[in-house]
Amino acid sequence: MSDLTTLLEVGGPVAALGGGAAYARAKHPAAYWSTVGLPVSTFRLLSSYGSVMEACGLTVAPSRLRVLAVKATTQREVRPVPPRRGIIRPTTTGLRIRLRLAPGQEPADFAASAERLRHAWGVHAVYVTTVKPGVVDLRLVGYDVLRRVRMPRKTAHGPLEVPVALREDATPFVRDYRTIPHQLTLGATLSGKSMYLRHLIAGLSPQSVALVGIDCKRGVELAPFAPRLSALATDPEQAAELLPVLVNEMEDRYDLIKARQGITPGTPDEEITSDIWGLPDDERPVPVVLFVDEVAELFLVATKKDEERRDEMVTQLIRLAQLGRAAGIYLEVCGQRFGAELGKGATMLRAQLTGRVCHRVNDEASAKMALGDIAPEAVQAACSIAPERPGLAVAGDTSGGWSRIRTPYLSLGDAAETCRESAHLVPDLPALKPFRPDVPVRPVETAAPVFLPRPVTD
């Protein structure tokens, strides 16, 4: 009886501790990783590093000098040598360890064994990045960081850079317009495409940039950001008037660059430029970011007259995509569906959009249109996105690389308030003034009337 009582007294706290750990792992994975997962995974890595590397085929034969030294000093069997390991660096989401490759190894060998390393060390995922020739970083992620997105508190970014989402390796996904000037973003209804667009606009609002929108859904997506927009077209007719103005603005900027290129024999090299970023600060025009929401609406036609207007708009969009980067004009093309059946110019426009972000789509053809020409293996990843995870997407570019990302939640009210607070940063572009949206005046909040208590009477 006494033994049973002792067992119950000991087992109660142990069961409570185990239940608390299981609850934390399910509901608060970051806290669980910091308290339990990090020490356990570190111990596993340190105690099994050599055997795991050998089992994964990541060891090499020892050098002759090492063989002679082992045979001369000990009677041990000479075993293969694993890559030399650096210091383990813990992070809030996992571990980082730097490895020096042995002669004959390449980073692809470690990338092919990432799934084995994940199971051996009990982590959620393992990612391999090349630091320099002969050195790689292993990034061990302790839990699914995309289940509940928490962006890093400090993210280094500069002009025209917006940390808009979190990658599956726990690093921020930064939309850099100077590196990837134009992008195609696809997503079905409730896939999180609007949230992605909301983050971009809110992130660009405090910067010195002109924001221009084309929203053929009568402006329901972009109208809340009207205080910060330099121009807004809410139907194809207005878009047909706005796009030629942007093309003329682009041509004027090329004339400005050409005038600056009056190269003489004594002109310093730093004063020779082929884009606006080489101009002096007092001469450089403000960059322009054009957001096109529901791009398919620009391609759809009902009459012969609409077809002519469509061809003109598509031609102007293609010109902006081909020539706009040097003039500081960048495109963010969004839509639910994008395919060759939209009509003439669709595939040509897609070819100019370097960046690709594909949320959950309704058909495989849209995923292939977004990612098939740059990373065919990413198409299946985009088609497997579950409806229960809005904001999850596959991001790629023409380099062939791709990764899963997820956008954190940002309410429409918070994004609109950010635009209202930065309304004074709207640049002065005379050509776009006729298209400046009307900003509704916010009602003045008045204090509630005060009702004094009535005296009690007979």
Side-chain angles (χ1 to χ4, degrees), residues 181-187 193 197 210-222 229-255 288-358 361-363 365-374 398 429 431-432 434-435 437:
H182 314 304
Q183 182 169 278
L184 173 65
T185 303
L186 296 183
K193 174 175 57 67
L197 186 64
L211 304 181
V212 178
I214 295 178
D215 182 6
C216 292
K217 292 193 300 186
R218 298 297 178 184
V220 295
E221 291 288 347
L222 299 181
L229 297 180
S230 297
L232 176 63
T234 58
D235 54 49
E237 290 78 10
Q238 294 180 5
E241 299 175 1
L242 174 60
L243 287 173
V245 175
L246 291 175
V247 172
N248 292 335
E249 176 71 18
M250 178 184 68
E251 293 174 348
D252 292 342
R253 295 185 177 199
Y254 272 109
D255 292 339
V288 178
V289 178
L290 171 61
F291 296 94
V292 182
D293 193 33
E294 299 301 343
V295 64
E297 288 293 324
L298 299 181
F299 284 84
L300 299 179
V301 295
T303 63
K304 186 68 176 179
K305 183 179 179 181
D306 293 340
E307 185 175 351
E308 296 175 358
R309 184 187 62 197
R310 188 272 309 273
D311 292 343
E312 293 179 1
M313 288 192 295
V314 173
T315 301
Q316 290 155 355
L317 272 177
I318 294 174
R319 290 193 64 194
L320 290 173
Q322 288 179 336
L323 307 174
R325 184 208 61 83
I329 299 178
Y330 308 99
L331 300 185
E332 195 75 33
V333 180
C334 307
Q336 298 185 33
R337 180 77 172 86
F338 196 84
E341 67 275 7
L342 289 179
K344 183 174 61 176
T347 54
M348 189 174 181
L349 175 61
R350 182 195 64 163
Q352 302 298 327
L353 305 177
T354 307
R356 310 288 174 81
V357 173
C358 183
V361 289
N362 292 326
D363 60 328
S366 293
K368 287 182 178 180
M369 194 68 175
L371 303 168
D373 60 329
I374 60 173
T398 52
L429 293 176
L432 297 180
F435 304 94

side-chain contact (heavy atoms from CB on, under 4.5 Å) between Leu317 and Val333, intermediate numbers included: CA-CA 10 Å; Leu317 272 177; Val333 180; 5.5 Å; no
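- Put simply, the side chain of Arg337 never gets that close to the backbone of Ala296: no donor and acceptor are under 3.5 Å apart.
- Going from atom CD of Gln316 over to atom CG of Asp311 covers 11.0 Å, rounded to the nearest 0.5 Å.
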Applying salt bridge (charged side-chain N to carboxylate O under 4.0 Å, His left out) to Glu307 and Lys344, what does each step give before you reach the verdict? CA-CA 10 Å; Glu307 185 175 351; Lys344 183 174 61 176; over 6 Å; no
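- Within the 4.5 Å cutoff, the side chain of Asn248 has heavy atoms near those of the Glu251 side chain.
- For the atom pair CG (Asp235) and CD (Gln238), the distance works out to 4.0 Å, reported to the nearest 0.5 Å.
- Separating the CD atom in Glu241 from the CE atom in Met313 is a distance of 11.0 Å, to the nearest 0.5 Å.
- A donor-acceptor pair under 3.5 Å is absent between the side-chain atoms of Arg356 and the main chain of Leu186, judged by distance alone.
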Which is it for Ile329 and Leu323 under the side-chain contact (heavy atoms from CB on, under 4.5 Å) test, yes or no, and what are the steps along the way? CA-CA 8 Å; Ile329 299 178; Leu323 307 174; over 6 Å; no
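- Annotation for Ala431 and Pro434: closest pair O-CD, 3.5 Å, computed over non-hydrogen atoms.
- Distance CZ/Arg350 to CG/Leu353: 9.5 Å, rounded to 0.5 Å.
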For a side-chain contact (heavy atoms from CB on, under 4.5 Å) check, start with the C-alpha distance between Leu290 and Leu243, then their side-chain angles and the critical distance, and finish with the verdict. CA-CA 10 Å; Leu290 171 61; Leu243 287 173; 4.2 Å; yes
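- Put simply, the side chain of Arg253 gets close to the backbone of Ala327: a donor and an acceptor are under 3.5 Å apart.
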side-chain contact (heavy atoms from CB on, under 4.5 Å) between Phe299 and Leu349: does it pass, once the steps are laid out? CA-CA 12 Å; Phe299 284 84; Leu349 175 61; 4.3 Å; yes
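- Closest of all the heavy-atom pairs between Ala239 and Ala233 is N-CB, 3.6 Å.
- The pair Glu221-Lys193 does not meet the salt-bridge criterion, since no charged nitrogen lies less than 4.0 angstrom from a carboxylate oxygen.
- Nearest heavy atoms, Gly345 versus Ile318: O-CD1, 3.8 Å.
- With rounding to the nearest 0.5 Å, the separation of CG in Leu242 from CD in Glu237 is 13.0 Å.
- Between His182 and Ala321 the shortest heavy-atom distance is NE2-O, 3.0 Å.
- The distance from atom CD1 of Ile214 to atom CG of Leu222, rounded to the nearest 0.5 Å, is 9.5 Å.
- Enclosure of atom CZ in Arg310 by more than 12 non-hydrogen atoms of other residues, nucleotides or ligands within 6.0 angstrom is indicated.
- Between Ser366 and Gln336 the shortest heavy-atom distance is OG-O, 4.4 Å.
- Taking both residues in full, the closest heavy atoms of Cys216 and Leu298 are given as SG-CD2, 3.6 Å, listed atom of the first, atom of the second, then distance.
- Listed for the Asp215 side chain is a donor-acceptor partner under 3.5 Å among the backbone atoms of Val220.
- For the pair Thr347 and Met369, the minimum side-chain heavy-atom distance is below 4.5 Å.
- Looking at heavy atoms from C-beta onward, Met348 lies in side-chain contact with Gln322 at the 4.5 angstrom threshold.
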